[in-house]
Amino acid sequence: MRPACRVVQALAPSQGGGFLSVRLNAHVSTCLTCQAEIARYGKLRRQLAALADVMVAAPEPLSAAVATVIASSPDGLRMGTGSGQVGRIAAATGAVVAAAAGVAVVALWRSSRPAVR
Amino acid sequence: MPHEGVRPENGELLARARRGDRAAFSDLVRIHQDEVYTLALRLVADRELAADVSQEAFVRAWRALPNFRGDAKFSTWLHRITVNVAWTQRRKQRKHRADPIDESFTEPVAETISPERAAESAAIGDRLRDALNDLPLPTRTVVVLKDVYGWTHSEIAGHLGISVAAAKVRLHRGRKQLRDRLWVEFEESV
(Lines give C-alpha, C1' and ligand atoms only; values in the text may rest on other atoms or scores of the structure.)
Protein backbone atom coordinates (compact mmCIF):
# COMPACT_ATOMS: atom_id res chain seq x y z
CA MET A 1 0.00 0.00 0.00
CA ARG A 2 1.33 3.43 -0.94
CA PRO A 3 1.82 6.09 1.78
CA ALA A 4 -0.88 8.29 0.24
CA CYS A 5 -3.34 5.37 0.38
CA ARG A 6 -2.57 4.95 4.08
CA VAL A 7 -3.29 8.63 4.75
CA VAL A 8 -6.58 8.54 2.82
CA GLN A 9 -7.72 5.38 4.58
CA ALA A 10 -6.84 6.83 7.98
CA LEU A 11 -8.85 9.99 7.31
CA ALA A 12 -11.81 8.46 5.51
CA PRO A 13 -13.86 7.29 8.57
CA SER A 14 -14.02 10.80 10.02
CA GLN A 15 -14.31 12.94 6.98
CA GLY A 16 -15.60 11.10 3.94
CA GLY A 17 -14.24 12.39 0.62
CA GLY A 18 -14.47 16.15 1.03
CA PHE A 19 -11.46 16.63 3.28
CA LEU A 20 -8.47 15.93 1.14
CA SER A 21 -5.64 18.22 0.23
CA VAL A 22 -5.01 18.98 -3.43
CA ARG A 23 -2.17 16.48 -3.42
CA LEU A 24 -4.26 13.68 -1.91
CA ASN A 25 -7.15 14.49 -4.25
CA ALA A 26 -4.80 14.06 -7.16
CA HIS A 27 -3.80 10.71 -5.73
CA VAL A 28 -7.40 9.58 -5.25
CA SER A 29 -8.32 10.53 -8.79
CA THR A 30 -5.87 7.91 -10.03
CA CYS A 31 -6.20 5.30 -7.26
CA LEU A 32 -9.07 2.86 -7.49
CA THR A 33 -8.37 1.48 -4.01
CA CYS A 34 -8.83 4.89 -2.39
CA GLN A 35 -11.87 5.68 -4.51
CA ALA A 36 -13.44 2.43 -3.38
CA GLU A 37 -12.62 3.15 0.25
CA ILE A 38 -14.19 6.62 0.16
CA ALA A 39 -17.23 5.20 -1.61
CA ARG A 40 -17.65 2.57 1.13
CA TYR A 41 -17.79 5.22 3.84
CA GLY A 42 -20.21 7.28 1.79
CA LYS A 43 -22.48 4.27 1.41
CA LEU A 44 -22.19 3.43 5.11
CA ARG A 45 -23.24 6.96 6.08
CA ARG A 46 -26.19 6.90 3.66
CA GLN A 47 -27.32 3.56 5.07
CA LEU A 48 -27.11 4.83 8.63
CA ALA A 49 -28.99 8.02 7.73
CA ALA A 50 -31.70 5.93 6.09
CA LEU A 51 -32.36 4.26 9.45
CA ALA A 52 -33.83 7.56 10.67
CA ASP A 53 -36.92 6.83 8.58
CA VAL A 54 -37.35 3.35 9.98
CA MET A 55 -39.56 3.14 13.06
CA VAL A 56 -39.97 0.14 15.33
CA ALA A 57 -43.41 -0.11 16.88
CA ALA A 58 -43.39 0.32 20.63
CA PRO A 59 -44.79 -2.60 22.62
CA GLU A 60 -48.54 -2.29 23.10
CA PRO A 61 -48.60 -1.78 26.88
CA LEU A 62 -46.10 1.11 26.85
CA SER A 63 -48.58 4.01 26.87
CA ALA A 64 -50.77 2.21 29.41
CA ALA A 65 -47.76 1.57 31.66
CA VAL A 66 -46.74 5.23 31.50
CA ALA A 67 -50.31 6.30 32.27
CA THR A 68 -50.39 3.99 35.31
CA VAL A 69 -47.12 5.34 36.72
CA ILE A 70 -48.18 8.93 36.16
CA ALA A 71 -51.64 8.37 37.65
CA SER A 72 -50.07 6.99 40.82
CA SER A 73 -47.54 9.81 41.19
CA PRO A 74 -48.54 12.88 43.15
CA ASP A 75 -48.42 16.20 41.34
CA GLY A 76 -45.80 17.35 43.80
CA LEU A 77 -43.24 15.24 41.97
CA ARG A 78 -43.54 17.52 38.98
CA MET A 79 -40.85 20.17 38.80
CA GLY A 80 -42.12 23.72 39.02
CA THR A 81 -45.71 22.82 39.95
CA GLY A 82 -47.49 24.57 42.82
CA SER A 83 -47.04 22.02 45.59
CA GLY A 84 -43.43 21.40 44.63
CA GLN A 85 -42.65 25.10 44.72
CA VAL A 86 -44.37 25.50 48.09
CA GLY A 87 -42.28 22.62 49.43
CA ARG A 88 -39.06 24.14 48.16
CA ILE A 89 -39.91 27.59 49.53
CA ALA A 90 -40.76 26.07 52.93
CA ALA A 91 -37.50 24.13 52.97
CA ALA A 92 -35.47 27.22 52.03
CA THR A 93 -37.23 29.33 54.68
CA GLY A 94 -36.56 26.65 57.29
CA ALA A 95 -32.89 26.55 56.38
CA VAL A 96 -32.56 30.34 56.67
CA VAL A 97 -34.33 30.38 60.05
CA ALA A 98 -32.14 27.54 61.35
CA ALA A 99 -28.97 29.30 60.18
CA ALA A 100 -30.05 32.57 61.81
CA ALA A 101 -30.83 30.78 65.06
CA GLY A 102 -27.40 29.12 64.97
CA VAL A 103 -25.65 32.45 64.50
CA ALA A 104 -27.65 33.97 67.38
CA VAL A 105 -26.76 31.10 69.72
CA VAL A 106 -23.04 31.35 68.88
CA ALA A 107 -23.10 35.15 69.36
CA LEU A 108 -24.90 34.77 72.70
CA TRP A 109 -22.43 32.09 73.85
CA ARG A 110 -19.44 34.25 72.92
CA SER A 111 -20.83 37.33 74.63
CA SER A 112 -21.51 35.34 77.84
CA ARG A 113 -17.95 33.93 78.05
CA PRO A 114 -15.62 35.59 80.53
CA ALA A 115 -12.92 37.54 78.73
CA VAL A 116 -9.54 35.78 78.62
CA ARG A 117 -6.68 37.91 79.86
CA MET B 1 -30.75 18.13 15.30
CA PRO B 2 -32.65 14.90 15.82
CA HIS B 3 -34.91 13.70 13.08
CA GLU B 4 -38.40 15.20 13.39
CA GLY B 5 -40.44 12.99 11.05
CA VAL B 6 -43.61 14.15 9.31
CA ARG B 7 -45.83 14.67 12.33
CA PRO B 8 -46.53 18.26 13.35
CA GLU B 9 -45.99 19.36 16.92
CA ASN B 10 -49.22 19.52 18.87
CA GLY B 11 -49.09 22.75 20.83
CA GLU B 12 -52.55 22.44 22.36
CA LEU B 13 -51.82 18.98 23.80
CA LEU B 14 -48.50 20.23 25.11
CA ALA B 15 -50.06 23.26 26.79
CA ARG B 16 -52.68 21.08 28.49
CA ALA B 17 -50.09 18.51 29.58
CA ARG B 18 -47.90 21.26 31.02
CA ARG B 19 -50.83 22.36 33.16
CA GLY B 20 -51.13 18.81 34.53
CA ASP B 21 -53.68 17.27 32.16
CA ARG B 22 -52.79 13.56 32.28
CA ALA B 23 -55.09 12.66 29.37
CA ALA B 24 -53.32 15.18 27.14
CA PHE B 25 -49.96 13.74 28.15
CA SER B 26 -51.21 10.22 27.38
CA ASP B 27 -52.06 11.42 23.88
CA LEU B 28 -48.54 12.81 23.54
CA VAL B 29 -47.13 9.46 24.68
CA ARG B 30 -49.16 7.65 22.04
CA ILE B 31 -47.97 10.08 19.35
CA HIS B 32 -44.29 9.83 20.27
CA GLN B 33 -43.95 6.31 21.68
CA ASP B 34 -42.68 4.64 18.49
CA GLU B 35 -39.92 7.18 17.91
CA VAL B 36 -38.84 7.11 21.55
CA TYR B 37 -38.88 3.31 21.61
CA THR B 38 -36.94 3.12 18.31
CA LEU B 39 -34.25 5.46 19.61
CA ALA B 40 -34.04 3.53 22.90
CA LEU B 41 -33.80 0.21 21.05
CA ARG B 42 -31.00 1.48 18.83
CA LEU B 43 -29.08 2.68 21.85
CA VAL B 44 -29.49 -0.29 24.19
CA ALA B 45 -30.06 -3.07 21.58
CA ASP B 46 -32.42 -4.95 23.87
CA ARG B 47 -36.23 -4.94 23.54
CA GLU B 48 -37.09 -5.27 27.21
CA LEU B 49 -34.59 -2.69 28.29
CA ALA B 50 -35.73 -0.37 25.50
CA ALA B 51 -39.31 -0.61 26.80
CA ASP B 52 -38.08 0.22 30.31
CA VAL B 53 -36.03 3.12 29.00
CA SER B 54 -39.01 4.47 27.02
CA GLN B 55 -41.30 4.25 30.03
CA GLU B 56 -38.80 5.97 32.30
CA ALA B 57 -38.16 8.65 29.68
CA PHE B 58 -41.87 9.49 29.46
CA VAL B 59 -42.25 9.54 33.24
CA ARG B 60 -39.29 11.90 33.53
CA ALA B 61 -40.73 14.02 30.75
CA TRP B 62 -44.04 14.26 32.63
CA ARG B 63 -42.25 15.37 35.77
CA ALA B 64 -40.09 17.91 33.99
CA LEU B 65 -42.78 19.16 31.61
CA PRO B 66 -43.65 22.31 33.60
CA ASN B 67 -40.06 23.38 33.02
CA PHE B 68 -40.17 22.69 29.29
CA ARG B 69 -39.87 26.17 27.78
CA GLY B 70 -40.26 25.22 24.15
CA ASP B 71 -36.74 26.30 23.13
CA ALA B 72 -36.41 22.97 21.37
CA LYS B 73 -39.17 20.95 19.74
CA PHE B 74 -40.95 18.58 22.09
CA SER B 75 -39.69 15.52 20.20
CA THR B 76 -36.10 16.83 20.35
CA TRP B 77 -36.49 17.34 24.09
CA LEU B 78 -37.90 13.82 24.44
CA HIS B 79 -34.98 12.39 22.48
CA ARG B 80 -32.54 14.06 24.86
CA ILE B 81 -34.30 12.62 27.88
CA THR B 82 -34.34 9.18 26.23
CA VAL B 83 -30.59 9.34 25.55
CA ASN B 84 -29.91 10.28 29.17
CA VAL B 85 -32.08 7.46 30.52
CA ALA B 86 -30.68 4.88 28.09
CA TRP B 87 -27.12 5.87 28.91
CA THR B 88 -27.73 5.65 32.65
CA GLN B 89 -29.73 2.41 32.60
CA ARG B 90 -27.46 0.52 30.26
CA ARG B 91 -24.40 1.39 32.28
CA LYS B 92 -26.22 0.40 35.45
CA GLN B 93 -27.30 -2.90 33.94
CA ARG B 94 -23.84 -3.71 32.63
CA LYS B 95 -22.44 -3.29 36.11
CA HIS B 96 -24.79 -5.97 37.42
CA ARG B 97 -24.91 -8.57 34.67
CA ALA B 98 -23.46 -9.22 31.25
CA ASP B 99 -26.52 -9.50 29.00
CA PRO B 100 -26.30 -10.88 25.51
CA ILE B 101 -27.59 -8.52 22.86
CA ASP B 102 -31.21 -9.20 21.87
CA GLU B 103 -30.73 -10.95 18.53
CA SER B 104 -34.40 -11.21 17.76
CA PHE B 105 -35.39 -7.69 16.94
CA THR B 106 -35.80 -6.72 13.33
CA GLU B 107 -36.39 -3.30 11.90
CA PRO B 108 -39.64 -3.17 9.95
CA VAL B 109 -39.74 -0.56 7.23
CA ALA B 110 -42.15 2.26 8.05
CA GLU B 111 -45.06 2.58 5.64
CA THR B 112 -44.87 6.36 5.43
CA ILE B 113 -41.44 6.69 3.83
CA SER B 114 -40.78 7.15 0.13
CA PRO B 115 -40.39 4.04 -2.04
CA GLU B 116 -36.75 4.91 -2.75
CA ARG B 117 -35.94 5.26 0.93
CA ALA B 118 -37.95 2.11 1.72
CA ALA B 119 -35.98 0.18 -0.88
CA GLU B 120 -32.71 1.49 0.53
CA SER B 121 -33.78 0.67 4.08
CA ALA B 122 -34.81 -2.82 3.07
CA ALA B 123 -31.54 -3.31 1.26
CA ILE B 124 -29.59 -2.51 4.41
CA GLY B 125 -30.69 -5.86 5.75
CA ASP B 126 -29.68 -7.40 8.98
CA ARG B 127 -25.96 -6.94 8.53
CA LEU B 128 -25.86 -3.28 9.40
CA ARG B 129 -28.15 -3.85 12.39
CA ASP B 130 -25.98 -6.71 13.65
CA ALA B 131 -22.81 -4.71 13.09
CA LEU B 132 -24.26 -1.73 14.97
CA ASN B 133 -25.37 -3.91 17.85
CA ASP B 134 -21.91 -5.39 18.14
CA LEU B 135 -20.32 -2.00 18.73
CA PRO B 136 -19.54 -1.23 22.36
CA LEU B 137 -22.25 0.96 23.94
CA PRO B 138 -20.21 4.20 24.09
CA THR B 139 -19.20 3.87 20.45
CA ARG B 140 -22.68 2.80 19.27
CA THR B 141 -24.31 5.71 21.08
CA VAL B 142 -22.15 8.24 19.28
CA VAL B 143 -22.61 6.59 15.86
CA VAL B 144 -26.39 6.38 16.28
CA LEU B 145 -26.77 9.96 17.49
CA LYS B 146 -24.48 11.42 14.82
CA ASP B 147 -25.10 9.32 11.72
CA VAL B 148 -28.73 8.26 12.26
CA TYR B 149 -30.20 11.21 14.17
CA GLY B 150 -27.90 13.97 12.95
CA TRP B 151 -26.83 15.37 16.32
CA THR B 152 -23.77 17.62 16.31
CA HIS B 153 -20.56 16.62 18.06
CA SER B 154 -21.10 19.25 20.73
CA GLU B 155 -24.68 18.08 21.42
CA ILE B 156 -23.43 14.52 21.78
CA ALA B 157 -20.53 15.56 23.98
CA GLY B 158 -22.81 17.66 26.19
CA HIS B 159 -25.36 14.91 26.71
CA LEU B 160 -22.91 12.10 27.30
CA GLY B 161 -20.62 14.14 29.50
CA ILE B 162 -17.60 13.64 27.26
CA SER B 163 -15.37 16.03 25.34
CA VAL B 164 -16.01 16.89 21.70
CA ALA B 165 -12.66 15.29 20.88
CA ALA B 166 -13.76 12.05 22.56
CA ALA B 167 -17.03 12.10 20.60
CA LYS B 168 -15.07 12.47 17.36
CA VAL B 169 -12.71 9.64 18.28
CA ARG B 170 -15.64 7.33 19.08
CA LEU B 171 -17.35 8.20 15.81
CA HIS B 172 -14.17 7.53 13.85
CA ARG B 173 -13.63 4.22 15.63
CA GLY B 174 -17.28 3.19 15.23
CA ARG B 175 -17.42 3.90 11.49
CA LYS B 176 -14.14 2.06 10.99
CA GLN B 177 -15.45 -0.98 12.87
CA LEU B 178 -18.69 -0.93 10.86
CA ARG B 179 -16.77 -0.62 7.62
CA ASP B 180 -14.45 -3.51 8.55
CA ARG B 181 -17.34 -5.67 9.65
CA LEU B 182 -19.58 -4.99 6.67
CA TRP B 183 -17.07 -5.03 3.84
CA VAL B 184 -14.61 -7.61 5.11
CA GLU B 185 -17.48 -10.08 5.64
CA PHE B 186 -18.82 -9.26 2.21
CA GLU B 187 -15.44 -9.69 0.54
CA GLU B 188 -14.84 -12.97 2.38
CA SER B 189 -18.20 -14.29 1.27
CA VAL B 190 -17.52 -13.51 -2.42
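Numbered from 1 within each chain, the chains take letters A, B, ... in sequence-line order.
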### Query
Between B:Asp147 and A:Leu44, is a side-chain contact (heavy atoms from CB on, under 4.5 Å) present by the stated rule, with each step listed?
CA-CA 9 Å; B:Asp147 283 346; A:Leu44 174 64; over 6 Å; no
### Query
Any sub-3.5 Å donor-acceptor pair from B:Arg42's side-chain atoms to A:Leu51's backbone N or O?
yes
### Task
Mind checking the CG-CD spacing from B:Leu182 to A:Gln47? Nearest 0.5 Å is all I need.
7.0 Å
### Query
Any donor-acceptor pair under 3.5 Å linking the side chain of B:Thr38 with the backbone of A:Val56?
yes
#### Entry: Taking every non-hydrogen atom, the tightest pair across B:Leu178 and A:Leu48
CD1-CD1, 4.1 Å
### Interface moiety of B:Ser54 toward chain A, non-hydrogen atoms closer than 4.5 Å
both
### Message
Rounded at 0.5 Å granularity, tell me how far OG in A:Ser14 sits from NE2 in B:His172.
### Response
4.5 Å
### Message
List the residues meeting ring pair (Phe, Tyr, Trp, His ring centres under 6.0 Å) with B:His159, not counting sequence neighbours, and say none if there are none.
### Response
B:Trp151
### Task
Heavy-atom pairs under 4.5 Å with chain B are the metric here; pick the option from A:Leu62, A:Val66, A:Ile70 that has the most.
A:Ile70
### Summary
When the 4.5 angstrom heavy-atom criterion is applied to B:Val143 and chain A, the contacting part is side chain
### Query
Listed by chain and number, what are the salt bridge (charged side-chain N to carboxylate O under 4.0 Å, His left out) partners of B:Lys176, not counting sequence neighbours?
B:Asp180
### Message
Counting heavy-atom pairs under 4.5 Å with chain A, which one of B:Val59, B:Asp34, B:Val144, B:Leu171 comes out on top?
### Response
B:Asp34
